[in-house]
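Computed from a prediction, not measured in an experiment: that's the story for all the values here.
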Amino acid sequence: MCTDITRRGFLVGCSAAIAGLAGSRFNTVAFGDPGLNQEILVVLFLRGGIDGLSLVPPIGGSDRGHYEAARPTLRIPTAGGGAAINLNGQFGLHPSASPLFDLFQDGNLAIVQATGISNLVNRSHFDAMQYVELGTPGSTTISTGWLTRHLTSAGNLPPDLVMQSLAVGDLQPASLLSNLETVNVANPDAFNVDNGPWLWRHAQRTALRALYQEGGTWLHDAGLQALDAVDIVSLNAGDSYTPANGAVYPDGDFGDQLKVLAQMIKLDLGLQVATLDFGGWDTHDDQGTGSTGYLADLFDELSRGLAAFYTDLDGAGTSDYMQRLTMVVQSEFGRELFENADSGTEHGYGNLMLLLGDNVNGGFHGTWPGLAGGQLVDGTDLAVTTDYRRVLSEVLVRRMCNPNISQIFPTYSGYSPMGVVQGEDLDTGGTIFADGFESGTTAEWSARVD
């Protein structure tokens, strides 16, 4: 339920007293007003351009024939060993992504088809990632990321949280550009002021805290926030973490990052937004044969990681974080329909987005444009029928209770919910278009699709 609540003071008692709280649980009762929005948005970016036509291939209808003709080597079979898992008779799931099947059946996994940038001007990884993460396709001149603009425009967030936004990994993504409060955590055990002896570190932090408490500028406030985060994370997270519900994360960086994220969420520090990356999806060659090979291994790691993350956070009562968490999985663009001579695929246009959570309306969403020659963009690519910002806007309005879409996506013309997630539709103050595209692009893309 979205509630219009004005910002109010939010005091976090992080100082020397934190040492005495090492064994206690930080929760929303201690750290925030329960009337404020408690939703968490997690954005997973699959860098390199995931081949959505392999993850969720057509298994029936006329498009199956087009798919098989275009991918004689890479196609996912519909019968026998390595067959796609039937989702709805028309589309299937890559067999290596089988851990996602239970989530799909339970209605907690949504697949939005034919999504992307509706006016993509080129197929450069760098440009496309900038467009997506800045939220302004076609322009990179804006100085803030779309998640930064969400956090600054939301009227229902406490202003002084210990960890309002988190970037799991070593770098802060462009979606959080210019957000000075984002905490970067790659490894909780290494999240310290330095790696010196504990007594020296304690003395150093005490001196720094006294210094920062002397002033009242943004720099002093930022310094105190950083020290608060260091104290809490170093005392409450680390390699000793045991996932809940028997969840088993895959080995490797991706599984480790998801585990770190789960730990940070369970600290209940008021986290609103978190990002993480999973790269390696630029499969120009040696993508694999049918249901095996490099891409199949990536699908296995991705799906096992997502399933473990969901299981870890899926509990009862106040511990059921998936009741207030929505994860969005996206990539900068898709791959061409046709395989190349190197057993790979080139950069494409249309792709898919995945959403996970207890408040997700599972199943398929969006308009499938078809794979016949006249339905493809440039004769090679799946068309985009859903601007990716349409999906994100619905999550922001219905789950994060932020109606300020014109501020978050300034070149996007209107809010048009697709029913991907549950929640209340707030007044966004703009015109709602049936297709969700920017003004002036609808006719162009309709002509390409029809």
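Ring planes of F104 and F101: parallel class, angle under 30° (limits at 30 and 60°). Note: H347 and F333 have tilted aromatic rings, judged against thresholds of 30 and 60 degrees for the angle between ring planes. Below 30°, between 30° and 60°, or above 60°: for F364 and F91 the angle between ring planes is between 30° and 60°, a tilted geometry.
A distance-only check finds a donor-acceptor pair linking the side chain of T311 to the backbone of A307 [under 3.5 Å]. Put simply, the side chain of W368 never gets that close to the backbone of H365: no donor and acceptor are under 3.5 Å apart. At least one donor-acceptor pair under 3.5 Å links the side chain of R149 to the backbone N or O of Q407. Between the side chain of T148 and the backbone N or O of S178, no donor-acceptor pair lies under 3.5 Å. The main-chain N or O of V420 is found under 3.5 Å from a side-chain atom of E394 such that the two form a donor-acceptor pair. A donor-acceptor distance shorter than 3.5 angstrom exists from the side chain of D51 to the backbone of L53, with no hydrogens or angles considered. Remark: the backbone N or O of H150 is paired with a side-chain donor or acceptor of N402 at under 3.5 angstrom. A distance-only check finds no donor-acceptor pair linking the side chain of T428 to the backbone of S406 [under 3.5 Å]. Under a 3.5 Å cut-off, the side chain of S331 and the backbone N or O of G49 do form a donor-acceptor pair.
Using a 4.5 Å heavy-atom threshold, the side chains of N184 and D170 count as separate. Side chains of S393 and Y412 form a contact here, defined as non-hydrogen atoms less than 4.5 Å apart. Looking only at side-chain heavy atoms (C-beta outward), V121 and Y131 come within less than 4.5 Å of each other. Between L371 and P58 there is a side-chain heavy-atom pair separated by less than 4.5 Å. Residues V183 and S165 have side chains not in contact (no heavy-atom distance under 4.5 Å, counting atoms from C-beta outward). No side-chain heavy atom of V273 sits less than 4.5 Å from a side-chain heavy atom of L166. Inter-residue side-chain proximity for R399 and L41 is flagged as unmet; no heavy-atom pair is nearer than 4.5 Å. Annotation: side chain of L177 is not in contact with side chain of T144 (no heavy-atom distance under 4.5 Å).
Q172 and N179 make their closest contact through NE2-O, 3.1 Å (heavy atoms, listed as atom of the first residue, atom of the second, distance). Annotation for L134 and T140: closest pair CD1-CA, 3.7 Å, computed over non-hydrogen atoms. Shortest non-hydrogen contact noted between P403 and D427 is CB-O, 3.4 Å. Shortest non-hydrogen contact noted between L382 and G370 is CD1-O, 4.2 Å. Scanning all heavy atoms of the two residues, the minimum distance from I50 to F299 falls at CD1-CE2, 3.9 Å. Of all non-hydrogen atoms in N404 and S153, the two that sit nearest each other are ND2-O, 2.8 Å.
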Could you go step by step and tell me if E332 and H125 meet the side chain to side chain donor-acceptor pair (under 3.5 Å) rule? CA-CA 7 Å; E332 66 265 35; H125 288 295; 2.7 Å; yes
Set out, in order, the CA-CA distance, both residues' side-chain angles and the distance that settles side-chain contact (heavy atoms from CB on, under 4.5 Å) for M163 and E181, then state yes or no. CA-CA 8 Å; M163 191 179 294; E181 298 183 0; over 6 Å; no
Decide yes or no on side chain to side chain donor-acceptor pair (under 3.5 Å) for Y388 and N351, but give the supporting numbers first. CA-CA 10 Å; Y388 78 98; N351 207 344; over 6 Å; no
Assess whether side-chain contact (heavy atoms from CB on, under 4.5 Å) is satisfied between V329 and F45, documenting all intermediate values. CA-CA 6 Å; V329 183; F45 205 109; over 6 Å; no
Verify salt bridge (Lys or Arg N to Asp or Glu O under 4.0 Å) between R47 and D282, making sure each step is shown before the conclusion. CA-CA 8 Å; R47 299 194 184 272; D282 194 18; over 6 Å; no
Starting from the C-alpha separation in whole Å, work towards a yes-or-no answer on side-chain contact (heavy atoms from CB on, under 4.5 Å) for Q330 and V391. CA-CA 11 Å; Q330 64 180 152; V391 180; over 6 Å; no
Could you please spell out the steps behind the side-chain contact (heavy atoms from CB on, under 4.5 Å) verdict for L295 and L55? CA-CA 9 Å; L295 190 59; L55 180 60; over 6 Å; no
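Here D381 does not pair with R335 in a salt bridge; the nearest charged N to carboxylate O distance is not below 4.0 Å. Checked for salt-bridge contact, E39 and R324 miss the test: no charged N lies under 4.0 Å from a carboxylate O. The existence of a salt bridge linking E336 and R123 is confirmed by a sub-4.0 Å separation between a basic side-chain nitrogen and an acidic carboxylate oxygen.
Atom OG1 of residue T386 and atom CG of residue L352 lie 11.5 Å apart, to the nearest 0.5 angstrom. Q323 contributes atom CD, which lies 7.5 Å from atom CG of N359 (distance to the nearest 0.5 angstrom). Here the CZ atom belonging to R389 is positioned 12.0 Å from the CH2 atom belonging to W146, to the nearest 0.5 angstrom. Atom CD1 of I405 is separated from atom OG of S416 by 12.0 Å, given to the nearest 0.5 angstrom. L396 contributes atom CG, which lies 9.5 Å from atom OH of Y415 (distance to the nearest 0.5 angstrom). Atom CG of L87 is separated from atom CD of Q105 by 9.0 Å, given to the nearest 0.5 angstrom.
Within a 6.0 Å radius of CG in D251, no more than 12 heavy atoms belonging to other residues, nucleotides or ligands are found. When the shell of 6.0 Å around CG of D253 is examined, it contains 12 or fewer heavy atoms from other residues, nucleotides or ligands.
For D314 and Y321, the side-chain atoms include no donor-acceptor pair closer than 3.5 Å. There is a side-chain donor-acceptor pair under 3.5 Å between N108 and Y310.
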